[in-house]
Amino acid sequence: MIPYAPLIVLFPLVGFLLIALAGWKYRSERLIGIVGSGVVGLSFALAVGVLLEMAALPSDARSWSVDLFPWIDTFTGTAGSFGISVGYQFDQLSILMTLIVTGVGFLIHVYSIGYMHGDEGYWRFFAYLNLFIFMMLNLVLANNFLLMFLGWEGVGLCSYLLIGFWYQKTFTGDAGKKAFIVNRIGDFGFLLGMLLIFKTFGTLEFSAVMSGASVMTAGTSVAFWIGMLLFIGATGKSAQIPLFVWLPDAMAGPTPVSALIHAATMVTAGVYMVARCAPLYALSPDALLVVAVIGGVTAVFAATIGLVQNDIKKVLAYSTVSQLGYMFLAMGVAAFSAGIFHVMTHAFFKALLFLGSGAVIHGMHEEQDIQKMGGLKKYMPVTWATFLIGAIAIAGIPPFAGFFSKDEILWYAFSSDLGSPALWLLGALGALMTAFYMFRLVYLTFYGKERFDHHHVHPHEAPKTMTIPLMVLAFLSIVGGFLGVPPALGGGHIIEHWLAPVFAPAQRTLMLSAHASHTAEYILMAVSVLIAVGGIYLARRWYLEHLDVPDSMAAKFAGLYRLLWNKYYVDEAYDAAVVKPIQRLSDAFLWKVFDMKIIDGAVNGSGWLAQTAAQWLRKVQNGVAQSYAVIFVGGILVVVSALLFF
Amino acid sequence: MLTYTDFLLAMPLFSLTVTVLLIIATEAARVGRARFSQFLAITGLLVTSLLAGLNLRESGVAFQGMIATDAASSYLTILLSLAGIVTALVARPYFEHRDAHRGEFYILLLFAIIGMVLMASANDLITLFLGIELMSFCLYVLAGFERTKDKQNESALKYFLLGAFASAFLLYGIALIYGSVGSTNLDAIARAYAGISNQPLFLLGTAMLIVGLGFKVAAVPFHMWAPDVYEGAPTVVTGFMATAGKSAAFAALAIVMIRTFDIGGSTTADVLALLAAASMVLGNVVAIAQTNLKRMLAYSSVAHAGYLLAGVAAGTAEGFAGVFLYLTAYTVTTLGAFAVIGWHERTNDEGTSLDDYVGLSQHQPVIAAVMALYMFSLTGIPPFAGFIGKYYVFMAAVRADLTWLAIVGVLTSAVSAFYYLRVIVMMYFRERDGEHIPLPRIPVMIALGITAALVIVVGVLPSTVLQLFMPAM
């Protein structure tokens, strides 16, 4: 399988081309669905094959890179030259990400067959989705920064296209634009970081940059700024403070898109990038501290907003932002494999929750407000059961997947040399709120009184193509965590063991001390389980048993409630601080003065000049061959005299 | 002594010759009709490009030093064959529509390509001259192929008169160089170059070579024929002349100026830079005032000659690579554009004006889209071929201390955006009121498909293309 590994990337591209070129003509949903899901399934199967063969190799032979063809070559060998290939790097980290992307991607493709049934843009949807998988695979498999950047921009493009998929609605179009613009700000940081890397190391190949980093002295300002600039890119793509504002709005897109792009895969690109650049980050503990603090604060901040939202997808969106915060918290305390582990488990349970919410929305005739649901358990049992599993997993109840990964992050946040009790507290606070808002969602949606209008809404279970992916993801949300059972619980922690060689150079640079005793780990573990149970209990009391409590709380803390309900007024603040001033500047100066007077003046002026000259020169072209010969002779005189007399 | 190797190195030339003789024979025996000749021509060109492809990694001198085959010449043979194939594909619908589809078109086309391949693989000034003349005579006739049309007769006659004028200077230049070196062999001239490069006799010869080849590539001030001839000739012929003709002439110019003379930094380079700047400025500025698409592309081809000359003026291996890459980009793009124009043109020669393209996107969206693609490529917008060509040529110029020339190039490119994008504006942002034109026939669609795909491939994978003709880079 290994020689064919680059085909993993190719299949979705073929799917995209087939559907994009022929789909609009042959609008057979069946065929489009089969091709669209099939190519991703093929990639997944091939990736599994590669993984199995890779696992059979000795651990130091599990990383290799394939250059397919030179991409940009500016006369290599001379000074200041720049050469880059389209090449893929296969190692323990990239194959794991590939499996997540293609595996979850495949399930979501299958789910979309049912979800998008009857949509006018069915072929367009699958074409974009395949293009997204292609770009995402470029992002995770690239062996150099430039190709990764191509994937990075590519997934951003697909995200934009898919958020605004129902472009007839103004709101989805605006949400798409918002996502694109906010991401561009982050991408600019990534780009600058890439340029700084090229300036520092003279190459953009991962292997060369990372080996260059391993011999650099730690703590230099260059290392700090490389880390910071790349992290700005990550805050955009992975929706961290201060660039998280686009993700909640991105829920305007179709639900499978929210599950695939805005929960399971694309938004974790920033985490993957930091992990990939671990040797660079290891050079700057300051940069890691910034990553950890931003991650921890985002985890709490987004969770507080999630407490009061009523749109089922918005709650999940803020939950995603919060969970991504955990992943960055892990990166910041140099628990790289724990962060990647959480990327994996989160992909399972968050994709599950989103697809479950999609099934609910589908069954409720496009209703998204949880205040207008309730008691859906008996109408959609499969959705209910799987959604409950997802909620338990994200809340962190053992032995579900989320428990192991989240607990490991909290443990490292506390015990790592780069961690601190304060960081742990942020994480624990976030965990409490996560358990609370998730079960608030569960109780309001599936339990209690039926608050919808029975005359217009007839809830029903989703079709098989939708429920089967739910069941598969539910299964993964239950067992996914067993890949990372910590030694303290008698497990081997397969994931950490598997990823260790990838992060070894970074760990060598950091020289962190060994962990504290298991006793502290047990205590923290118990605390975090208690926290989760506490959160769930609170949600049960308030939203199932004492329904008047939330209202009275909201009335009591009206100011705080309003603050959370309005999402801390971040959008409004950005609007007032950034958008409005730029608009005023563009309107009053850039447009009316700079553009209309200076630019247009220059353009029209030179245009007028060119036109006038052209009209005059046109007269020389009079159609008479003899006069052409005269000009020819004039030219000869010029050339001869220039050569002989200068 | 002729050896087996001689024949191997000249295989593409032989396959072309055999093909053309076959066509002559079948035409004479009236075995097939013009369609059969077209089929033979395309097959022969495919075989030729295959043989040239096999020669890509060979290099050597054949026929007592008269011709030299290497990666660059083999690559150019492929490019010229491709231009021939596209032209042959487009020619049949074009001429059948006008009741002028005759077999001798393919005979002339193939003879012209033989001349071009000779130019690209010349290792002697005499071979070079032979190639140029063979090519030119065929093009003179092709320019007036529909001999009942006055406009084409005028075009052919003008081209012939001025071409003969230019050939005389070229031959005179060869004689002067022979006088100062004592040989017309390019290897011998290259060896003697350092010693004689400042001799007035040699410089005068160089000047005449520049004049003669400058005419063929339509560089200012030797460009005056181009607009009239391009406009008057049948559109398929114009497309072929503007691409294959220019490619062969530039290959010859690059081989002589860079490989043989090593002009980097000399006065000769400055003169070429001057012609380059003049071509860029004049070509682009006058193109703005054109309302006829064929004439506009004629001036644009003058401008492109300027960009290509910038690569030659750099005088380095990078410049050489830049010229070949630019030729590839320019050839595939312009061939496609002329194929569209040929399809859109009516039998009475109407339909080539810019106004006729108004609203084409609502009428034939696919054709409008590929035309827009060609226009973007010609403007030099990434990721299309035209951008890559300009990038390499300008970079070579900058590295050869001709930064001013690169600046002129970039500024004039900005000017060119005006008239290229105007075509797109016409096609996409105006309401259609013109007549209905049916979709092109299958051969034209194939030609458009090939060229459009190459415009993207060359733009995305420049290094792969570069390595075809410059294995060392």
Side-chain angles (χ1 to χ4, degrees), chain A residues 17 21 24-25 67-87 150 602-604 606-646, chain B residues 154 157-159 161-162 165-166 169 200 203-204 206-208 210-211 214-215 219-225 227-228 266-268 270-272 274-275 278 281-282 284-290 295 299 317-318 321 388 391-392 395-396 399 414-415 418 460-464 466-467 470 472-473:
Chain A
L17 290 176
L21 292 177
W24 60 278
K25 192 136 196 187
D67 276 347
L68 293 187
F69 51 85
W71 180 18
I72 299 171
D73 228 332
T74 57
F75 310 114
T76 30
T78 47
S81 69
F82 170 75
I84 209 93
S85 297
V86 170
L150 178 92
V603 169
N604 291 337
S606 51
W608 174 83
L609 195 71
Q611 285 270 11
T612 315
Q615 293 303 340
W616 181 77
L617 284 168
R618 228 179 139 166
K619 294 204 181 89
V620 181
Q621 193 83 33
N622 56 7
V624 182
Q626 292 91 313
S627 70
Y628 295 177
V630 171
I631 291 167
F632 196 115
V633 173
I636 297 172
L637 291 178
V638 172
V639 171
V640 169
S641 51
L643 267 182
L644 288 183
F645 306 119
F646 289 99
Chain B
E154 183 194 332
L157 189 64
K158 259 187 206 165
Y159 192 19
L161 283 175
L162 292 166
F165 195 58
F169 286 98
L203 282 177
L204 199 60
T206 309
M208 294 302 154
I210 293 177
V211 170
F215 174 83
V220 172
F222 314 111
H223 69 285
M224 303 294 286
W225 60 278
D228 293 7
S266 68
T267 322
T268 314
D270 290 340
V271 168
L272 286 173
L274 200 69
L275 296 185
V281 173
L282 190 123
N284 282 319
V285 168
V286 182
I288 289 179
Q290 303 306 320
R295 216 171 161 79
Y299 280 103
E318 295 174 4
I388 291 297
Y391 174 77
Y392 276 84
M395 194 172 66
R399 293 218 182 171
V415 172
F418 177 78
V460 177
L461 304 173
S463 303
T464 315
L466 195 71
Q467 280 178 348
M470 288 238 127
M473 284 219 156

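Order of the sequence lines sets the chain letters (A, B, ...), proteins ahead of strands, with each chain counted from 1.
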Asks: Side chains of A/I636 and B/P221: does their closest heavy-atom pair fall under 4.5 Å?
Replies: no
Asks: Let me know if B/T206 has heavy atoms under 4.5 Å from chain A in its side chain, its backbone, both or neither.
Replies: both
Asks: Could you have a look at B/L203, B/V220, B/D270, B/D228 and say which one has the most heavy-atom pairs with chain A under 4.5 angstrom?
Replies: B/D228
Asks: For B/V286, is it the side chain, the backbone, both, or neither that has a heavy atom closer than 4.5 Å to a heavy atom of chain A?
Replies: both
Asks: Can you say whether A/F69 sits under 4.5 Å from chain B via the side chain, the backbone, both, or neither, judging by heavy atoms?
Replies: side chain
Asks: Contact part of B/A166 toward chain A, heavy-atom cut-off under 4.5 Å: side chain, backbone, both or neither?
Replies: both
Asks: Heavy atoms, side chains only, cut-off 4.5 Å: are A/V639 and B/M208 in contact?
Replies: no
Asks: Does the gap between the ring centers of B/F169 and B/F165 come in under 6.0 Å?
Replies: yes
Asks: Closest heavy-atom contact between B/K158 and A/A625?
Replies: CG-CB, 4.0 Å
Asks: Before you tell me yes or no, could you show the steps for B/W225 and A/F632 under ring-ring contact (aromatic ring centres under 6.0 Å, His included), namely the whole-Å CA-CA distance, both residues' side-chain angles and the distance that decides it to 0.1 Å?
Replies: CA-CA 10 Å; B/W225 60 278; A/F632 196 115; over 10 Å; no
